[in-house]
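What follows is one structure encoded as C-alpha cells, with my remarks underneath.
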Amino acid sequence: MKIKCLLFLLIATSCFAQKTTVYTIGDSTMANKSNPAKNPEHGWAQVLQQFFDDKVVVDNRAMNGRSTRSFINEKRWDSVLETLKKGDYVFIQFGHNDEKENKPAVYANPHTAYRQNLIRFVAETRAKGATPVILSSIVRRKFNEQGTLVDTHGLYPMEARLVAVDYKVPFIDLQYLTELLEESYGVEGSKKLHLHFAAGESSFYKTEKHDDTHLSLLGATEISKLVIAELKKTDLDLKNHIK
C-alpha cells in the first residue's frame with residue numbers, strides 16, 4: 001500500500017511539474033478585476049487562460065496603477081521570481097504609469113529607469129531558465145477631430161522595442177496592433193472596447209462612465225486574441241499549447 005501511495009504521489013507531482021506557467025506582469029490594462037461576473041471592466045491577461053490547453057497556467061500578477069518602478073519596489077517582482085521555474089514565461093507590459101511624471105513612486109524615465117527595469121526583468125527571467133516576452137502598451141482610445149487615433153505613450157513603446165531588439169527578446173507590438181483594432185471599430189464603435197455607460201445603464205456604476213483606457217470584456221478578449229495570434233507566429237514552444 002505504501003508503495004502504491006508513493007507511486008501515486010510521484011505521478012501526481014510529475015504531472016504538476018509538466019505545467020508551464022505564463023506569468024503576466026504589468027498594469028491595470030492587464031490586471032484581474034474583482035467580481036468579474038458583474039464588473040464590466042476586465043484586464044486582457046484576465047481572460048488569456050481560455051486560449052491555452054490544460055498544460056498551461058496563466059498566473060496574472062499585473063496590478064492596477066503599477067509601473068516598472070513600483071512593481072519592483074513593492075517586491076511584486078520578487079514574488080514572481082520565488083516561483084518562476086525553467087520552461088515558464090513572463091509577459092512584460094508596462095508604460096501607462098511609468099510615464100506619469102507627477103507621481104514619483106511610479107515615474108520611470110523611458111531611456112534610463114524604464115529601460116533598465118525592463119532589462120532587469122529579462123535578465124532575471126532568463127537566469128531562472130524561463131522566457132521573457134516584451135509587449136508594448138495598448139493604446140488609449142483618443143481620437144482627434146479628424147477621427148485619427150492619437151498617440152499618448154511617447155517614447156515608451158519604442159524603448160520597449162529597443163530592449164527587445166538589443167537583448168533578442170520576443171516582442172509583441174500591442175501599441176500598433178491595438179491602434180489597428182481601435183480604428184477598425186471606428187470612433188463610436190470603439191467605445192465598446194472600453195467603459196462607456198450613460199447614468200443608470202450599468203448597475204455596477206452609480207453615475208455615467210467614460211473611460212478610454214481600461215477595457216470591457218469585449219476589449220480584453222479582442223486584445224488577448226491579438227496576443228495569441230502573434231504568439232502563433234513565433235518559434236516559442238508555448239504556441240504548441242494554444243487551443
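Along the sequence shown, residues carry numbers from 1.
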side-chain hydrogen bond (donor to acceptor under 3.5 Å, both in side chains) pairs touching residues 194-203, sequence neighbours excluded, are Glu182-His194, His196-His210, His196-Asp212

The salt bridge (Lys or Arg N to Asp or Glu O under 4.0 Å) partners of Glu183 (sequence neighbours excluded) come to none

side-chain contact (heavy atoms from CB on, under 4.5 Å) between Ile72 and Phe121: does it pass, once the steps are laid out?
-> CA-CA 9 Å; Ile72 290 171; Phe121 292 144; 3.7 Å; yes

Connected to Val106, directly or through other members, by ILVMFWY side-chain contacts below 4.5 Å are none

Sorted by chain and number, sequence neighbours left out, side chain to side chain donor-acceptor pair (under 3.5 Å) with Tyr23 holds for Thr83

The side chain to side chain donor-acceptor pair (under 3.5 Å) partners of Arg161 (sequence neighbours excluded) come to Asp173

Contacts of Glu99 meeting salt bridge (Lys or Arg N to Asp or Glu O under 4.0 Å) (sequence neighbours excluded), chain-then-number -> Arg140

With sequence neighbours left out, the residues meeting ring pair (Phe, Tyr, Trp, His ring centres under 6.0 Å) with Tyr107 are none

Besides Phe204, the hydrophobic cluster formed by Ile, Leu, Val, Met, Phe, Trp and Tyr side chains linked at under 4.5 Å, directly or via other members, contains Leu195, Phe197, Tyr205

With sequence neighbours left out, the residues meeting salt bridge (Lys or Arg N to Asp or Glu O under 4.0 Å) with Lys209 are none

Residues pairing under side-chain hydrogen bond (donor to acceptor under 3.5 Å, both in side chains) where one sits in residues 44-54, two or more places apart or in two chains, turn out to be Trp44-Gln93, Asp53-His241

Q) Under 6.0 Å from the NZ atom of Lys168, do we count more than 12 heavy atoms belonging to anything else shown? A) no

For Glu159, the salt bridge (Lys or Arg N to Asp or Glu O under 4.0 Å) test, sequence neighbours excluded, returns Arg115

Residue set satisfying side chain to side chain donor-acceptor pair (under 3.5 Å) with Asp78, at least two apart, ordered chain then number -> none

